[in-house]
Amino acid sequence: MAVYERTWRRYLGELTPLRWRWLVVTRYALADAFASRLFTAFYALCFLPSVVGLFFIYLSHNMSLLQQLGMPPDLMNMLTDRFFMNLFSWQAIPAFLVAVIVSPSLIAADLSNNALPLYLSRPIDRHEYVLGKMAVLAILLSPMTWVMGLSIFILQAYFEGGGWGFENYRIGLAYLVGHLAWIVVISILTLAISAWVRFKPVARGALFAIIFILYFFAQAVNAVTRTSFGDLINLVRAMNSVVMSLFGAPTPSGLPVSLNWFTLVAVTALSIWLINRKLRPHEVVR
Amino acid sequence: MSQPESPITPAIELEGLTVNLGGRPILIDLCASLRGRAIGLLGPNGAGKTTLLRTLLQFFPTTNGSARVLGFSLENEGKELRAQVGYMPENDSFVAGMTAVHFVRLMAELSGLHPEPALERAHETLFYVGLGEARYRKLGTFSTGMKQMVKLAQALVHGPRLLMLDEPTNGLDPPARKRMLDLITDIRDRGETQILLSSHLLGDVESVCDEVLILKDGRIAASCDLEAERSANRSFVEVELQTADQRFVDELTELGCELATHDLGRLKLVLPEGRTVRDLYEIANRLGVGIRHLDLKRDSLQDIFLRAMEGDNGGL
């Protein structure tokens, strides 16, 4: 029977499991993000640093190819900790940009259109809704950060052989833990901004403003007090120090790494609190 | 967990339900057991109708007491409860930038349908509410009437056992309002879905509902089974005679009528069960009494509502 000839009736078919229902939110938000060809092209470009890194490792271990290309055979000597740390940064920056582009439309659009009552009147709660939105960022950012980072580490370990992977396990760990920490912090922070600032360009600007204003304010505090306590509110420096410490390198912050971790946890906790305050299935009229 | 049987289980049970918001009591000690196919939630603005609906969807926490919807407890079976319910909010509620079919499909999937049946039912439901031709249009381009219909479609798409409608005829012109009420009546008559209709429009509730809960200042002002009221409805008759006649009054008393007014020329009476206006005409004819004016009234929802609003605790 043609669809327009059918009439409404109760649905008695099979249902999807309740515990995975939040993935519907993720799937639709991902589809929405990739509906833009411009974004899809940009997203593909974000893999460029990692692809270049992979190619460089392959090239530096392939003498015949180096000779054919007329390149110096000691390219391998460049594969130091510094190389992997720089690559980490080149992966983290595009990930940040992707989060800035995608996140403002994740929650703000639903709040502007009063869509929360529709989501939350179904078998899905506020936490699952946020989880579903956060998973969008996790799914988008993971491949270009820790997945590629670990791939680079494994490729290098494979070519080097001789226990290089075991000796330099900190590099793999830094890629995994550092990027995951970055993804969690930036995802929750951008979602909090998305929940409070409904106008997309303003939300994007707010994220930059929070990061850079805090950065300069922290520098000023450090300069005035001649201490490093300003770093407690410096998200960029805290993240940098955490990553450096994971790589086993000296940290740029004058504070102990535990306090840098505290900054990341505090920003995340504050963002969760802000999200929790804002996400209600009804408009609060004061 | 076994699914409660609908014929036995009341759609909504309230046991001393109290809800405070911002430190202010909004719903106070509500106790009711509602079983109707279509339950009307009536009350003036600010009476607590929408708050009650939202509390039943767990949007607001309960301060005291408890509630069950379709047998599911509000406290610990919230998800199971919401899986059985379709909710049409009062205000515009959409997901930005979506076409109608995409939006309704998303809502179906959130309710647990697999993507394929969700899409199929989204099409079906949009045709059912009369938006078949507009289903690929973006929601932002819809008129108020179309938006109301698409909200109904998203509430219906997963085939809920209870449909909660918050002011469904808001902003609709008369033909659209009629169409909306016809749809709600059709859903009710199919007998598969119970309806909880919140409205301040007596006409809407009266035309659709068979049970009514009237709220006033957060309390239950009245609750009545409209169906029973209708079937056992006493007929109030106002009779004006051309000339006052004691014999006519005596005959009416003998017939079992309750005479509300003892004025021989203008009578207000309640007809006993099994008696009709025809009996009055026959008596008048037999006695040669002329009837100048006769007005038959039924106890309308408006009377019930007004009595509830006048009384402090107008339980009927």
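Here is how names work: the chains are called A, B, and so on, in the same order as the sequence lines, proteins then strands, and each is numbered from 1.
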Which heavy atom in B/Phe59 sits nearest to a heavy atom in A/Pro117, and how many Å separate them?
-> CZ-O, 3.5 Å

Smallest separation among heavy atoms of A/Glu14 and B/His114, with atom names | O-CD2, 3.6 Å

Heavy atoms, side chains only, cut-off 4.5 Å: are B/Lys79 and A/Arg19 in contact?
-> no

Please step through side-chain contact (heavy atoms from CB on, under 4.5 Å) for the pair A/Tyr119 and B/Leu106, ending with a clear verdict.
-> CA-CA 10 Å; A/Tyr119 283 104; B/Leu106 164 62; 3.9 Å; yes

Report yes if the side chains of B/Leu113 and A/Thr16 come closer than 4.5 Å at any heavy-atom pair, otherwise no.
-> no

Proximal to chain B - members of residues 26-54 of chain A, heavy-atom separation under 4.5 Å = A/Arg27, A/Tyr28

Chain A shares the most heavy-atom pairs under 4.5 Å, among B/Arg121, B/Gln58, B/Glu192, with B/Arg121

With A/Leu118, the side chain to side chain contact (heavy atoms under 4.5 Å, CB included) member among B/Met107, B/Lys151, B/Met88 = B/Met107

First locate atom CG of B/Leu110, then atom CG of A/Leu120, and finally report the distance between them rounded to the nearest 0.5 Å.
-> 10.0 Å

Between A/Ala115 and B/Val95, what is the shortest heavy-atom contact and its length?
-> CB-CG2, 4.1 Å

Starting at CZ of A/Arg10, measure out to OG1 of B/Thr193 and round the result to the nearest 0.5 Å.
-> 6.0 Å

Counting only heavy atoms not in A/Lys200, do more than 12 sit closer than 6.0 Å to its NZ atom?
-> no

Of all heavy-atom pairs between B/Val157 and A/Arg122, which one has the smallest distance, and what is that distance?
-> CG1-NH2, 4.4 Å

Go through A/Asp125, A/Asp110, A/Leu12 and name the one with the most non-hydrogen pairs under 4.5 angstrom from chain B.
-> A/Asp125

Most contact-rich option vs chain A, by heavy-atom pairs under 4.5 angstrom, among B/Arg190, B/His102, B/His158, is B/Arg190

Closest approach of A/Ile124 to B/Arg82 (non-hydrogen atoms, all atoms of both residues) = O-NH2, 3.4 Å

Heavy-atom distance under 4.5 Å between the side chains of B/Phe94 and A/Asn114, does that happen here?
-> no

Taking every heavy atom of A/Pro123 against every heavy atom of B/Ser111, the minimum-distance pair comes out as CD-CA, 4.2 Å

Assess whether atom CH2 of A/Trp196 is packed by more than 12 heavy atoms of other residues, nucleotides or ligands within 6.0 Å.
-> yes

Which of the residues B/Ser93, B/Gly22, B/Ala108, B/Pro160 is involved in the greatest number of heavy-atom pairs with chain A at under 4.5 angstrom?
-> B/Ser93

Can you tell me how far the OG atom of A/Ser121 sits from the CE atom of B/Met164, to the nearest 0.5 Å?
-> 9.5 Å

